Asker: 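Structure incoming, see below.
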2 protein chains.
Amino acid sequence: MTSAQAADDVVARRAGRRRDDSKDDAILLAARELLAERGFDGMTMDAVAARAGAGKATVYRRWASKVEMTVDAVTCGTGVPLTIEDLPDTGSLRDDLMAVRFGRHRPDDTEIMSGLMSAVRENPEVASVFHAQFVRSRITLMRDLLERARLRGELRDDVDLDMVASVAPAMIAYRKVVAGQRVDDDFVVRMIDNVILPLVLDVR
Amino acid sequence: MTSAQAADDVVARRAGRRRDDSKDDAILLAARELLAERGFDGMTMDAVAARAGAGKATVYRRWASKVEMTVDAVTCGTGVPLTIEDLPDTGSLRDDLMAVRFGRHRPDDTEIMSGLMSAVRENPEVASVFHAQFVRSRITLMRDLLERARLRGELRDDVDLDMVASVAPAMIAYRKVVAGQRVDDDFVVRMIDNVILPLVLDVR
DNA sequence: TAGTTCCGAAACCCCCCAGTATCGTTGACG
DNA sequence: CGTCAACGATACTGGGGGGTTTCGGAACTA
């Protein structure tokens with residue numbers, strides 16, 4: 001409980017209409033949708049407010065700037081990045097990787113990643129949250145999964161884990177952001193079976 | 001000889017000061033530098049003109065818009081993409097790949113690739129030249145080199161050439177554009193030796 | 001020298017958009 | 001019901017930048 005909430009409950013609540021907390025989510029959702037559809041530059045604050053069914057004043061009452069709103073939209077909206085804690089050991093690296101793709105997780109956020117790219121170059125705050133949300137967490141997850149497979153004895157012993165851990169994130173981001181192609185299930189499975197696994201597995 | 005040049009030589013040359021063709025190169029060079037330093041949005045036409053030692057009118061006398069100038073800056077400036085014709089068969093895939101990186105070619109243009117990214121999303125013309133210059137040509141080159149290695153008998157026979165051909169371009173673009181890290185010689189060599197070659201080579 | 005064309009510099013126009021201010025309205029509290 | 005804060009809508013401000021025009025000067029032809 002924050003001190004502000006305590007003040008509301010214990011001390012007399014201030015008069016006047018109370019803030020509609022559901023608007024926070026509506027605004028952040030609108031921001032994410034527009035980020036995915038039009039990118040950071042195309043996501044105007046007027047459009048965000050309009051899609052959320054709110055006025056701009058309501059948006060700026062909650063966030064001081066477009067950047068701060070964007071940071072919250074990305075961090076709160078796309079959720080805490082997946083970690084190895086969320087993925088029970090299936091006993092095989094292939095099944096572990098499939099679980100990452102096909103498990104019951106948040107929807108594909110490559111569109112948001114793509115839409116954020118333009119803002120990353122010129123905004124350190126955005127760059128920081130982008131890196132944490134879309135780069136570091138994914139490489140770390142891959143590295144942890146590979147490490148687990150290594151302990152199970154699945155991997156050859158000369159694998160460069162740090163390098164290999166970035167192969168899948170790189171190929172997925174490249175296909176979406178740089179090459180501008182769809183990242184569908186076919187592509188992911190084919191990448192896993194024809195690139196990642198042949199690269200690390202002991203069996204031949 | 002173009003008809004315009006013929007007209008200049010045969011028919012009477014029009015009166016007045018002649019266009020300084022060297023300005024074209026100066027402007028395109030300034031555009032590339034600013035594209036690399038500040039990205040497409042940060043590259044203002046005023047800055048391009050100023051760096052080229054020209055007036056904006058001079059720029060707009062040659063190109064109708066910022067986009068058209070950018071397209072020319074990228075296509076003319078970074079040169080014709082490398083093809084397998086430019087790379088004599090060294091007899092080994094590793095040496096072929098090293099020749100791509102360390103051969104006597106144009107300077108590293110990952111900065112320009114990175115700077116163009118923001119414009120790709122919202123401009124089909126830029127997207128087209130970007131794709132030709134930085135995506136298609138590189139994947140094709142990789143694929144041709146792999147094919148050549150396959151004919152030499154270097155490769156395992158179950159290699160997914162189309163998929164593998166995009167691994168190196170993906171990892172380099174990812175590291176630079178998405179992860180925001182330097183693409184130095186160490187990284188490239190390590191990628192070749194610990195990812196690309198283990199993935200395709202027959203020897204084990 | 002007269003006429004023409006290109007030059008750099010700079011003023012200018014116009015649109016877009018982040019952010020602010022003001023409106024009348026709505027709803028919670030006393 | 002009176003008060004007051006949050007609400008949606010909307011007008012407004014200020015800065016940035018693409019693109020155009022103007023201007024005096026320079027370079028070229030005749």
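Reminder, nothing fancy here: chain letters follow the sequence lines and each chain counts from 1. A quick note: this is a predicted structure, and the numbers were derived from the prediction, not measured. For the numbers below, each heavy atom of this structure counts, side chains included, while hydrogens, waters and symmetry mates do not.
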Asker: If each of B/Asp46 and B/Asp20 is mapped to the nucleotide of DNA chain C with the nearest heavy atom, which maps nearer the 5' terminus, i.e. the 5' end?
Answerer: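 Nearer the 5' end of the strand: B/Asp20.
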
Asker: Does the pair B/Glu111/B/Lys176 count as a salt bridge with the N-to-O cut at 4.0 Å?
Answerer: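 Result for this pair is yes, salt bridge flagged.
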
Asker: With the threshold set at 4.0 Å, does a side-chain nitrogen-carboxylate oxygen contact exist between A/Glu37 and A/Arg51?
Answerer: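 A salt bridge is present here (some side-chain N lies under 4.0 Å from a carboxylate O).
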
Asker: Can you find an N or O donor on one side and an acceptor on the other, under 3.5 Å apart, linking the side chain of A/Arg17 with the base of C/dT26?
Answerer: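 Side chain to base: pair present.
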
Asker: Is the shortest distance from a Lys or Arg side-chain nitrogen in B/Arg101 or B/Asp186 to a carboxylate oxygen in the other one below 4.0 Å?
Answerer: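 B/Asp186 and B/Arg101: not salt-bridged.
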
Asker: Quick one: do B/Asp193 and B/Arg94 make a salt bridge, cutoff under 4.0 Å?
Answerer: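 Answer for the salt bridge query: yes.
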
Asker: Find the distance A/Arg19:CZ to D/dG8:C1' and express it as a whole number of Å.
Answerer: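 Rounding to the nearest Å, CZ of A/Arg19 and C1' of D/dG8 are 15 Å apart.
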
Asker: Atom CG of A/Leu34 and atom C1' of C/dC17: how far apart are they, to the nearest Å?
Answerer: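 Value for this atom pair: 14 Å.
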
Asker: Which sits closer to the 5' end of DNA chain D, A/Asp21 or B/Phe40, going by the nucleotide each is nearest to?
Answerer: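 Its nearest nucleotide being more 5', the pick is A/Asp21.
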
Asker: From CG of B/Asp41 over to P of D/dG18, roughly how many Å is that when rounded to an integer?
Answerer: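 Value for this atom pair: 9 Å.
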
Asker: I want to verify a distance call: between D/dG17, D/dC7, C/dA18, whose nearest atom is closest to the A/Met45 side chain?
Answerer: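 Of the candidates, C/dA18 comes closest.
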
Asker: Quick check on contacts: within residues 52-71 of chain A, what sits under 4.0 Å from DNA chain D by heavy-atom distance?
Answerer: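 A/Gly53, A/Ala54, A/Gly55, A/Ala57, A/Thr58, A/Arg61, A/Arg62 - these, ordered by number, are the residues of the stretch whose heavy atoms sit under 4.0 Å from the strand.
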
Asker: Can you figure out which of D/dG17, D/dG8, C/dC6 approaches the side chain of A/Lys23 most closely?
Answerer: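 Comparing D/dG17, D/dG8, C/dC6 against the side chain of A/Lys23, the answer is D/dG8.
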
Asker: I want to check one thing: is the phosphate of C/dC29, taken as OP1 and OP2, less than 4.0 Å away from some side-chain N or O of A/Arg18?
Answerer: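 So the side chain of A/Arg18 is within the cut-off, an N or O lying under 4.0 Å from OP1 or OP2 of C/dC29.
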
Asker: Answer yes if the side chains of A/Ser22 and A/Asp20 hold a donor-acceptor pair under 3.5 Å, and no otherwise.
Answerer: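 A donor-acceptor contact under 3.5 Å links the two side chains.
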
Asker: When the distance from CZ of B/Arg51 to P of C/dG8 is rounded to whole Å, what number comes out?
Answerer: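 Rounded to whole Å, this separation is 17 Å.
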
Asker: Taking 4.0 angstrom as the limit, do B/Asp96 and B/Arg152 come out as a salt bridge?
Answerer: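 Between B/Arg152 and B/Asp96 there is a salt bridge, with a charged N closer than 4.0 Å to a carboxylate O.
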
